[in-house]
Amino acid sequence: MPSSGRTHVRARPERTCVGCRKRAAKHQLLRVTAVEGVCVPDPRGALPGRGAHLHLDPACLDLAVRRRAFPRAFRLQGSLDTERLRGFIEERAGGAS
């Protein structure tokens, strides 16, 4: 039977990590939102507002903080507290090792 040349691969949403700027499948990245000046992890993707995506890697978080990527991604002025996010990522990264 001749093939039509079309593939039946489902499209999967991709996002860019705000830390390392590499593209990855949405399910491989953690969604982060800003709530009252604090970067909050949103693993279920249910919190309202603009979101930024980040690998579950402390190095990506460090890059994002150094580059001031979170205020830019959320379109906010000033700095944001990332300690809660750092604790969440280090807990998850520590469990994966």
Side-chain angles (χ1 to χ4, degrees):
M1 176 182 253
S3 156
S4 68
R6 293 185 183 185
T7 59
H8 295 285
V9 177
R10 296 190 72 161
R12 294 194 179 171
E14 286 189 338
R15 300 292 185 263
T16 302
C17 173
V18 294
C20 66
R21 304 294 297 158
K22 292 183 182 174
R23 293 186 64 81
K26 183 179 172 182
H27 72 274
Q28 294 175 328
L29 299 171
L30 171 67
R31 183 175 188 263
V32 180
T33 59
V35 177
E36 297 178 4
V38 178
C39 287
V40 178
D42 184 16
R44 292 182 43 221
L47 293 176
R50 292 186 64 82
H53 291 81
L54 187 70
H55 284 109
L56 282 170
D57 182 358
C60 284
L61 176 59
D62 292 338
L63 280 170
V65 170
R66 189 170 66 221
R67 293 178 49 244
R68 297 182 192 95
F70 290 118
R72 190 170 35 254
F74 299 134
R75 297 182 182 169
L76 297 174
Q77 297 291 325
S79 61
L80 296 168
D81 181 19
T82 58
E83 290 309 310
R84 182 172 171 188
L85 178 60
R86 183 172 303 281
F88 181 87
I89 289 176
E90 287 175 354
E91 176 184 311
R92 296 294 165 100
S97 297

Less than 4.5 Å apart, side chain to side chain, heavy atoms only: is that true for [X] and [Y]?
X     : Y     : value
Val32 : Phe74 : yes
Arg72 : Val18 : no
Phe70 : Leu54 : yes

Open item on the list: Keeping Arg68 on the side-chain end and Ser79 on the backbone end, is there a donor-acceptor pair under 3.5 Å?
Closed with: no

Task: Shared hydrophobic cluster, Leu61 / Val38 (ILVMFWY, side-chain heavy atoms < 4.5 Å) - done: no

TODO: Report whether Leu80 and Val65 are members of the same hydrophobic cluster (ILVMFWY, side-chain heavy atoms less than 4.5 Å apart, transitive linking).
DONE: yes

Open item on the list: Quick test of your reading: applying side-chain hydrogen bond (donor to acceptor under 3.5 Å, both in side chains), list the pairs with at least one residue in residues 9-24, sequence neighbours left out, ordered by first then second residue.
Closed with: Glu14-Arg23, Thr16-Arg23

Straight-line distance of [X] [atom1] to [Y] [atom2], nearest 0.5 Å:
X     : Y     : atom1 : atom2 : answer
Asp57 : Cys17 : CG    : SG    : 8.0 Å
Leu85 : Thr33 : CG    : OG1   : 9.5 Å
Leu56 : Leu29 : CG    : CG    : 8.0 Å

Any idea which heavy atoms bring [X] and [Y] closest together, and the distance?
X     : Y     : value
Glu90 : Pro58 : CG-CG, 4.4 Å
His55 : Ala24 : NE2-CB, 3.9 Å
Ala34 : Leu76 : CB-CD1, 3.8 Å

TODO: Please identify each residue that fulfils side chain to side chain donor-acceptor pair (under 3.5 Å) with Asp62, with sequence neighbours left out.
DONE: Arg86

